[in-house]
Number of protein chains: 2
Amino acid sequence: MKAWQEIQLQALQTSDSEHKLFQTIAALGTELGFDYCAYGLRLALPLSNPKIVKKSNYPTAWQAQYQTKNYCAIDPTVKHALRSPQPILWTDGLFASTAAFWEEARSFGLRYGWAQSMRDVHGATGMLTLARSDEPLSETELAAKAFKMAWLAQNAHIALSRRLLPKLLPEADTKLSNREIAVLRWTADGKTSGEIASIMKITERTVNFHISNAATKLNAANKTSAAVKAAMLGFL
Amino acid sequence: MKAWQEIQLQALQTSDSEHKLFQTIAALGTELGFDYCAYGLRLALPLSNPKIVKKSNYPTAWQAQYQTKNYCAIDPTVKHALRSPQPILWTDGLFASTAAFWEEARSFGLRYGWAQSMRDVHGATGMLTLARSDEPLSETELAAKAFKMAWLAQNAHIALSRRLLPKLLPEADTKLSNREIAVLRWTADGKTSGEIASIMKITERTVNFHISNAATKLNAANKTSAAVKAAMLGFL
DNA sequence: CCAACAACTGTCAATATTGACAGCCTATAT
DNA sequence: ATATAGGCTGTCAATATTGACAGTTGTTGG
């Protein structure tokens, strides 16, 4: 499978559009024996309504169904992906409580599938799904392809999220000063401004000053939100 | 390389001790041509002094040096691992600003190395390092082994963190009620108790009641800490 | 039926926060 | 030398929070 090595370099290094990048990943999926490929990215923020982006070469009708019926919310593979980076197979057991959804997916040819997710420093979770209509996934096939699938899941996320994140999450490239970071760290650990003041040997007024500057930079309404955002985005 | 498949099953499924598990991972590293193997786990909390656990088969003297001189804080591979899941090679460029550290590592036989990190739902970052004394890592060797290394980094973290996390981070298995989660979500997004009250159509008093219960469960001093902990641990 | 639990509400006082005013000091880059 | 930025401090009033008191309702499971 020489093509892997070649496409690999392309996928990682060229700065293609997201679309081309996804095509490359899908092509690698095809080489692994999967007609269908899907990548989903779920940002960490805002927590009460996280942004989700999907890219796939699924049948258009199914993509539309999935979107309008908000299947994302019930899809057991998504639920698993958000809890664990362990790969998961599409099995009857997995879809036990979502039979209608599972039935419908299969009617579009999405019968045998595999998925793995990955979380990055910014709290974003990426999920790669590989699927096909034809042939069940045997243990031996999985064992043989496990390494490449793991690699592909990783690199799909690294490459795609690098391109998608900046647009979707502008806060991700905020620059916080050292002081702001220090103050937010203590804040996130539950210290009051007064406590932080004595820890850092500065005035309470100054602590609040830094917090408020950080909150402005992070587009946060108050210190709680600022601490959460900074922590989730990996600034602390 | 049939052994891979066999050990793979063992590594994932048997509930060995951490130590045995690490041995297994190190053995897989050896099969990939690396004498040395190290796994580091950095928890997300507490933010102001995150817990770190290390396991390695490095020379004991170097492990001691690394620990006492707190090299963790300056090690450029660690710095990279905390920012990106992309694999990284030990190169002169990488250690440009930490020459003494790099020199010392090499004096212990740690000359050629590779590392990759991975973050999970609980915010913990795991980092796998594979290294050796003898032979430089060529592009072609890396290309040939990339898949297995990616797989190993992933599975080392999945397996080891599953065993290490519960002990190190007791908050990780807190059970929050649905109401508590909802209230914390809004809190983390920067809403005040009053705002959450009108969003959820309950009294401000009730909002504070849920927040305070959640804070107790999470061992948090106040709502900011509760929101950060819940968010970092993936409860929201 | 009863226990246990989640959800919900009330009041009051002590603390903490935010927001808006205004200004000083130091290091770095132009 | 001057602009710029980070770090630092002050006061005051309006809001928000926390903590400690005491209680109702509805559901679930033994």
Side-chain angles (χ1 to χ4, degrees), chain A residues 45-48 97 170-171 173-236, chain B residues 46-48 97 170-171 173-233 235-236:
Chain A
L45 302 169
L47 284 155
S48 50
S97 57
E171 288 96 336
D173 44 43
T174 305
K175 292 278 174 219
L176 295 176
S177 74
N178 291 335
R179 270 332 216 188
E180 283 159 357
I181 290 172
V183 166
L184 278 185
R185 250 202 271 266
W186 290 115
T187 301
D189 275 340
K191 306 295 181 199
T192 66
S193 301
E195 288 166 335
I196 299 173
S198 44
I199 291 170
M200 294 180 65
K201 300 184 201 315
I202 54 180
T203 317
E204 188 175 335
R205 176 65 191 84
T206 305
V207 173
N208 288 328
F209 169 79
H210 289 309
I211 292 176
S212 127
N213 287 346
T216 306
K217 286 187 188 178
L218 290 165
N219 223 323
N222 56 33
K223 72 143 109 176
T224 299
S225 170
V228 170
K229 277 192 177 180
M232 291 299 277
L233 298 177
F235 295 139
L236 311 187
Chain B
L47 283 155
S48 49
S97 57
E171 287 97 335
D173 45 43
T174 305
K175 291 279 174 218
L176 296 176
S177 74
N178 291 337
R179 268 333 217 188
E180 284 159 356
I181 290 172
V183 166
L184 278 186
R185 250 202 272 267
W186 289 116
T187 301
D189 275 341
K191 305 295 181 199
T192 66
S193 300
E195 287 166 335
I196 299 172
S198 44
I199 291 170
M200 295 179 64
K201 300 185 202 311
I202 55 181
T203 316
E204 187 175 337
R205 176 65 191 82
T206 305
V207 173
N208 288 327
F209 170 80
H210 289 308
I211 292 176
S212 127
N213 287 344
T216 306
K217 286 186 187 177
L218 289 166
N219 223 323
N222 56 34
K223 71 143 108 177
T224 298
S225 171
V228 169
K229 278 191 177 180
M232 290 300 276
L233 297 177
F235 295 138
L236 311 188

On DNA chain C, compare the nucleotides closest to B:Asn222 and B:His210; which residue's is nearer the 5' end?
B:His210

Let me know the distance between [atom1] of [X] and [atom2] of [N], rounded to the nearest Å.
X        : N      : atom1 : atom2 : result
B:Asn178 : C:dA6  : CG    : P     : 11 Å
B:Glu180 : C:dC8  : CD    : C1'   : 13 Å
A:Phe209 : C:dG23 : CZ    : P     : 15 Å
B:Lys223 : C:dT15 : NZ    : C1'   : 14 Å

Mind listing the residues from residues 182-206 of chain A sitting with a heavy atom below 4.0 Å of DNA chain C? Number order is fine.
A:Thr192, A:Ser193, A:Arg205

Distance in Å, [X] [atom1] paired with [Y] [atom2], rounded so as to fall on 0.5 Å steps:
X        : Y        : atom1 : atom2 : value
B:Leu184 : B:Leu176 : CG    : CG    : 6.5 Å
A:Ile196 : A:Lys191 : CD1   : NZ    : 9.0 Å
B:Arg179 : B:Thr206 : CZ    : OG1   : 9.0 Å
A:Lys229 : A:Thr174 : NZ    : OG1   : 8.5 Å
B:Lys223 : B:Thr187 : NZ    : OG1   : 5.0 Å

Counting heavy atoms from C-beta on, name the nucleotide in D:dG7, C:dC8, C:dA6 closest to the side chain of B:Ser177.
C:dA6

In terms of side-chain heavy atoms of A:Ile211, which of D:dT17, D:dG7, C:dT18 is nearest?
C:dT18

Taking the side chain as every heavy atom from C-beta outward, state whether A:Val207 and A:Met200 have any atom pair closer than 4.5 Å.
no

Reckon B:Asn208 touches a base, only the sugar-phosphate, or nothing at all at heavy-atom distances under 4.0 Å?
base

